[in-house]
Amino acid sequence: MTDLLTPLARPRDRVSPARRRGMPAASDRPFYVLLGPDGAGKSSVLTEVGNRLPGWRMLSTDDDFAHSGHPLISRLRRDVVQDVLPGLGTHYSPDFLACLLQTAVVHLRDQLERQPGELPLLMDSYYYKILAKCRLAGIPTNPMYAWWRSFPQPRAVLYLDVSPASAWRRSGNGARLNPLEYFGERPEWPGFESYQKSLRELMLEEVRELPVTVIGEQSCVNRTADAVTEVLAA
């Protein structure tokens, strides 16, 4: 299985943006982040890994993982997709969108802090993907970013790689996309490919000071979960 895993090389001869902004050291709490582009299958992999590692806790804002005591999180996710994104640039500003997305970031941080200190955790995306999407939505800088970057950092990041072509097929050739997954007025292949490449670049830039293992695209969820479980077990 080790041939599926690629430690991400990071330059040692220059100071990265993360180091310049004073990224905190990795947390003593044993938590890891599962990261990847749109269509990487993170939710499916989290479910499968959770079944294999019952001693671990999976953290995500997706409905399948949201605690019954937090219905607001699910409602906000739906409202962003159904109300805010269609009106972005007309009824709602990009800054307003970022403020709503911050609720997911803070919720994950809060959930992290509420878990028993010895419980190992695997978290979906943390703030890394949301920050990248905010930047792609036309918010290159925002005071919130510095706050997010002050949050506890994981011991490592597992990046699920998937080609834009595969992600496009998984989306039903664009039928199931939302406006935060492509460039342009409608979901078309050129805008999707360009967006996903830019998203990948920004996410990997954000985590470049952390240990990152890239897990190459696999043929099924089980094989991807095999690779993720191998990293976590090590």
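Keep in mind it's a predicted model, so treat the numbers as computed, not measured.
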Please find the pair of heavy atoms, one from L59 and one from L46, that lie closest to each other, and give the distance. O-CD1, 4.4 Å
What distance do L131 atom CG and I139 atom CD1 have between them, rounded to the nearest 0.5 Å? 9.5 Å
Exercise: identify the closest heavy-atom pair between P37 and K42: O-NZ, 4.0 Å
List the atom of P30, the atom of G117, and the distance in Å for their closest heavy-atom pair. CD-O, 3.2 Å
Let me see the working for L199 and L136 under side-chain contact (heavy atoms from CB on, under 4.5 Å), right down to the final yes or no. CA-CA 8 Å; L199 179 64; L136 292 175; 4.0 Å; yes
Locate the shortest heavy-atom distance separating E217 from S166; write the atom from each residue and the value. OE2-OG, 2.5 Å
Evaluate the side-chain contact (heavy atoms from CB on, under 4.5 Å) criterion for residues V84 and F96: first the C-alpha distance (whole Å), next the side-chain angles of each, then the deciding distance (0.1 Å), finally the verdict. CA-CA 9 Å; V84 178; F96 183 82; 4.3 Å; yes
Between CG on residue L180 and NZ on residue K129, distance to nearest 0.5 Å: 10.0 Å
Within a strict 4.5 Å, meaning less than it, do heavy atoms of the L88 and P179 side chains meet? no
Assign the ring pair F31 / Y126 to parallel, tilted or perpendicular, where the plane angle (0 to 90°) is split at 30° and 60°. perpendicular
Side chain proximity check, L85 to L97, heavy atoms < 4.5 angstrom: yes
Roughly how far, to the nearest 0.5 Å, is the NZ atom of K133 from the CD atom of E181? 5.0 Å
Does the R170 side chain pair with the main chain of G39, one donor and one acceptor, at a distance under 3.5 Å? yes
Hphob cluster co-occupancy, V162 + M203, side-chain heavy atoms under 4.5 angstrom: no
Test Y159 against every option in L34, T213, L35 by the side chain to side chain contact (heavy atoms under 4.5 Å, CB included) rule and name the one that passes. L35
Check whether any side-chain heavy atom of L121 sits under 4.5 Å from a side-chain heavy atom of M58, and report yes or no. no
Roughly how far, to the nearest 0.5 Å, is the CD1 atom of I215 from the CD atom of E230? 9.0 Å
A side-chain contact here means heavy atoms from C-beta on lying under 4.5 Å apart; do P120 and Y32 qualify? no
Under the salt bridge (Lys or Arg N to Asp or Glu O under 4.0 Å) criterion, do R78 and D83 qualify, and how do the steps go? CA-CA 8 Å; R78 289 192 294 270; D83 184 13; over 6 Å; no
For the residue pair W189 and F192, does the interplanar ring angle fall in the parallel (under 30°), tilted (30 to 60°) or perpendicular (over 60°) class? tilted
Side-chain donor or acceptor of S194 paired with backbone N/O of G191 under 3.5 Å: no
Where do Q102 and W148 land on the side-chain hydrogen bond (donor to acceptor under 3.5 Å, both in side chains) test, with the steps shown first? CA-CA 9 Å; Q102 177 172 245; W148 300 353; 2.9 Å; yes
Derivation of the side-chain contact (heavy atoms from CB on, under 4.5 Å) call for V49 and R52: CA-CA 5 Å; V49 171; R52 299 183 186 195; 5.6 Å; no
No-hydrogen, no-angle side-chain donor-acceptor test under 3.5 Å, S44 and T47: no
Identify the two heavy atoms, one from W56 and one from L232, that lie closest to each other, and give their separation to 0.1 Å. CH2-CD2, 3.7 Å
Would you compute the distance between atom CD of Q196 and atom OG of S163 and round it to the nearest 0.5 angstrom? 10.5 Å
State, with a plain yes or no, whether a side-chain heavy atom of R57 is found less than 4.5 Å away from one of L122. no
Measure from the side-chain N and O atoms of T224 to the backbone N and O of C220, and report whether any donor-acceptor pair falls under 3.5 Å. yes
Between Y182 and W168 (judged by ring centroids, cut-off 6.0 Å), do the two rings come close enough to count as a pair? no
Minimum side-chain heavy-atom gap C134-Y145 below 4.5 Å: yes
Side-chain (E209) to main-chain (V207) donor-acceptor, under 3.5 angstrom: no
Answer yes or no: is there a donor N or O on one side and an acceptor on the other, between the side chain of R135 and the main chain of I130, under 3.5 Å? no
Taking A165's backbone N and O only, do any of them form a donor-acceptor pair with E193's side chain (distance below 3.5 Å, no angle check)? no
Heavy-atom side-chain proximity of D110 to R114 below 4.5 angstrom: yes
Give, for atom CD of E48 and atom CG of N222, the distance between the pair rounded to the nearest 0.5 Å. 4.5 Å
Begin from the C-alpha positions of R149 and Y128 and carry the test side-chain contact (heavy atoms from CB on, under 4.5 Å) through to its verdict. CA-CA 9 Å; R149 287 165 174 155; Y128 307 131; over 6 Å; no
Using side-chain heavy atoms (C-beta onward) and a distance below 4.5 Å, is W147 in contact with N142? no
Over all heavy atoms of both residues, which pair between S219 and R223 is shortest? Give the atoms and the distance, please. OG-CD, 3.3 Å
